[in-house]
Amino acid sequence: MGLRAPLTCTHHLSLNTSIRVSENSISELEYRCRRNMFTNSRRRELTDEEIREIFFNSDDEGDYNSESSGSDSDSEERLPPNLVSLERNPELGEGDDDVEENPEEGPSVVPCSRPEGPVPVEEVRSSDWRTAVNFTTPGPGIEFDSSISGVQNPPETPTAVNCFRMFLSVETVGEIVEETNRYASEQQGKTAIGVIGKLSKWVPTCVNEVYTFLAIALLMGLVRKSTLREYWSTDPVLLTPFFASVFSQDRFLNLLRCLHFVNPAHADIRDPLNKIRNVFNALTSAFKRSFIPYKDLCVDESLMLWKGRLGFRQYIPSKRHRFGIKFFVLCDVVTGYVQDMVIYTGATTSIESTEGLGVSGSVVMTLLAPHLGKGRVLYVDNWYSSPMLFQHLLHQGTGACGTVRLNRRGMPTFPKKMKRGEVTFREKGTQLAVKWQDKRDVNFLTTVHPSSMAQSGRLDHFTGEPKVKPACVLDYNKKMGAVDRADMITSFVDCARKSTKWYKKLFFHLLDTAVLNAYTVHRKLSALAFTSKYKSQPALLMRVFH
């Protein structure tokens, strides 16, 4: 029989005779070495004499003295508490609950004090589901407090420009000014001696001038022309004297050429967004800091058009632009406020991975992190929805509703063929799965709706009777489109123009989002009702830097 040696202390065998090792000798050797490991301040090698004594005197069941550990005490040595618990219950391992002996009641398990960690993801099995009849989901179990929602730290005078500066602050613009001046000086140094170019007229810019430059760029989103030079055209047909009264053509083009956001010497080259990371972080932090959303939230994808070369360019055929930079966006359903966003860059995307939820679930948990445990309800599409994600959100006091794919792990089985208008409900105590046959199969998963049908407010053209739909479908149709609505609004006054630098176009796209949020905040602070007539937004933009 070979020696088992799960020991950390080093030992040597220098015996010339073969020794038959009994099970007692092995257990005693393990005991002696473990005791030596836990009682000595430093590890010590066992001598040959000590090893021989263990093997040859293994039949002696007497008490072990403390001499081997270097102690002068003649009293019986006690095992450390962790080894005592292992000896009494071999099934307990490291990190399990300690066992504390009570002379009257015997050993009792005492829970260890551990720091609070992340909530584990609960496994959901297809066999957990059953047919639902008059079933009502329990919901997140937390009453949402709407009194905390709304604009935070509003300016003393809620003018349009002050609302905009809540997001693009003077400090952020100051960093842009510093990097723009540095980059312009660097480009001037690369110009060959004797060559007179446009940058020969460069003078350092300042914060006020950059704010004015941004105002002109926003105005160009309202006054559309095919090229930038047409804004300074003297042709009576194309003449717009306002632009020439603010900037000369060469000065505006120089500012646009030298617009820069980070010093490459200080940037993290491993980050695909290093060219604009600091501005992106500043804006998203301001978005989260300036507004607390209402109860209903939605997460969806957005796409900024970009057809040039870019490592993380995406193709989404369902989007209007199809090619571009993809965003994961969190929006408030009531106001359309863009609460947070994450840019997809492949494996380096800035999300916190949640084991068991995959990429889509991790995106949701990253965006919702500040809003969990407050009784909110999330609306998502079938790329994000899964029984495990919804159960995980429910454990953290957040409801959810969304379309779902039937091949998601943990989804119940439904009849494959159903007639139009038929509906099937499945429940597992906390979640409700729905399959409703409309023009095509419609599959839903919810933790906040009952298994009931509701009138949609429309009439069936064939029967003349009111149309009925599952309650979760009606609610989802009302609350899911916030991200697409934000994209639609910004598309009316989009100031981003075609560029050879992807990070410049991304900056102007973020600028449009900041203007949208400033518009939302301005309407809230001015006690103006929100309207679906988005033509009122261009009027705000014209006054932003007036």
Side-chain angles (χ1 to χ4, degrees), residues 221 272-273 276 280 297-331 333 336 338 340-351 357-364 366-367 378-386 389 400-409 411 416 434-445 472-473 476-510 512-513 516 534:
L273 299 175
I276 199 168
F280 177 75
L297 300 170
C298 77
V299 172
D300 202 356
E301 300 170 4
S302 177
L303 196 70
M304 185 200 80
L305 175 63
W306 179 260
K307 292 186 177 180
R309 293 182 180 180
L310 189 61
F312 50 90
R313 185 186 67 172
Q314 294 293 297
Y315 171 68
I316 305 179
S318 61
K319 296 296 183 181
R320 174 172 172 259
H321 298 310
R322 295 187 299 157
F323 294 94
I325 299 175
K326 182 168 72 174
F327 297 80
F328 299 111
V329 183
L330 174 68
C331 268
V333 170
V338 177
D340 196 6
M341 59 175 61
V342 172
I343 299 177
Y344 179 77
T345 58
T348 59
T349 304
S350 301
I351 58 173
L357 295 182
V359 175
S360 60
S362 298
V363 168
V364 171
T366 300
L367 291 173
L378 174 70
Y379 293 85
V380 290
D381 63 22
N382 59 17
W383 192 79
Y384 306 92
S385 301
S386 70
L389 172 64
C401 174
T403 56
V404 65
R405 301 173 185 176
L406 290 182
N407 61 357
R408 290 287 192 185
R409 187 167 66 174
M411 281 295 293
K416 292 186 177 180
V434 183
K435 181 177 181 180
W436 174 55
Q437 186 67 36
D438 194 31
K439 293 181 181 179
R440 57 183 180 83
D441 292 346
V442 180
N443 306 303
F444 267 84
L445 192 65
C472 58
V473 175
Y476 177 88
N477 289 339
K478 293 178 183 177
K479 299 177 179 179
M480 180 53 199
V483 175
D484 292 334
R485 193 179 302 115
D487 288 342
M488 181 184 65
I489 297 173
T490 54
S491 68
F492 296 153
V493 288
D494 185 10
C495 70
R497 302 184 70 91
K498 191 172 183 180
S499 172
T500 58
K501 304 293 185 182
W502 64 267
Y503 57 89
K504 290 186 181 180
K505 186 168 185 180
L506 180 56
F507 169 74
F508 286 110
H509 179 79
L510 296 174
D512 287 331
T513 305
L516 173 65
Y534 303 115

Is the number of heavy atoms from other residues, nucleotides or ligands within 6.0 Å of CZ (R320) greater than 12? no
Quick check: are there more than 12 heavy atoms from other residues, nucleotides or ligands sitting under 6.0 Å from CZ of R497? yes
When rounded to the nearest 0.5 angstrom, what is the spacing between [atom1] in [X] and [atom2] in [Y]?
{"X": "L445", "Y": "C401", "atom1": "CG", "atom2": "SG", "value": "8.0 Å"}
{"X": "M411", "Y": "R405", "atom1": "CE", "atom2": "CZ", "value": "12.0 Å"}
{"X": "K498", "Y": "K504", "atom1": "NZ", "atom2": "NZ", "value": "16.0 Å"}
{"X": "N407", "Y": "N382", "atom1": "CG", "atom2": "CG", "value": "9.5 Å"}
{"X": "Y503", "Y": "L273", "atom1": "OH", "atom2": "CG", "value": "13.5 Å"}
{"X": "I316", "Y": "R322", "atom1": "CD1", "atom2": "CZ", "value": "12.0 Å"}

Least distance between heavy atoms, [X] atom then [Y] atom:
{"X": "K479", "Y": "V333", "result": "O-CG2, 3.3 Å"}
{"X": "S385", "Y": "R408", "result": "O-NE, 3.0 Å"}
{"X": "T348", "Y": "P272", "result": "OG1-CG, 3.2 Å"}
{"X": "V329", "Y": "S302", "result": "CG2-CB, 3.9 Å"}
{"X": "G336", "Y": "C331", "result": "O-SG, 4.2 Å"}
{"X": "K416", "Y": "K435", "result": "O-NZ, 3.6 Å"}

Name all residues meeting the side-chain contact (heavy atoms from CB on, under 4.5 Å) criterion together with T349; count only those two or more places apart in sequence or in a different chain, and write none if there are none. V342, Y344, T345, I351
Can you name the side-chain contact (heavy atoms from CB on, under 4.5 Å) partners of L310, sequence neighbours left out? W306, F312, R313, I325, W502
Go through L506 and I343 one step at a time and tell me if the side-chain contact (heavy atoms from CB on, under 4.5 Å) criterion holds. CA-CA 10 Å; L506 180 56; I343 299 177; 3.8 Å; yes
Kindly assign one of parallel, tilted or perpendicular to the pair W383 and F328, based on the angle between their ring planes and the thresholds 30° and 60°. parallel
Apply side-chain contact (heavy atoms from CB on, under 4.5 Å) to the pair F327 and Q314, showing each step before the final yes or no. CA-CA 10 Å; F327 297 80; Q314 294 293 297; over 6 Å; no
Apply side-chain contact (heavy atoms from CB on, under 4.5 Å) to D381 and E301, showing your working. CA-CA 10 Å; D381 63 22; E301 300 170 4; 5.7 Å; no
Given 3.5 Å as the limit, does a donor-acceptor pair link the side chain of [X] with the main chain of [Y], or not?
{"X": "N477", "Y": "V473", "value": "yes"}
{"X": "K505", "Y": "M304", "value": "no"}
{"X": "D512", "Y": "C495", "value": "yes"}

Partner set under salt bridge (Lys or Arg N to Asp or Glu O under 4.0 Å) for D484, not counting sequence neighbours: K319
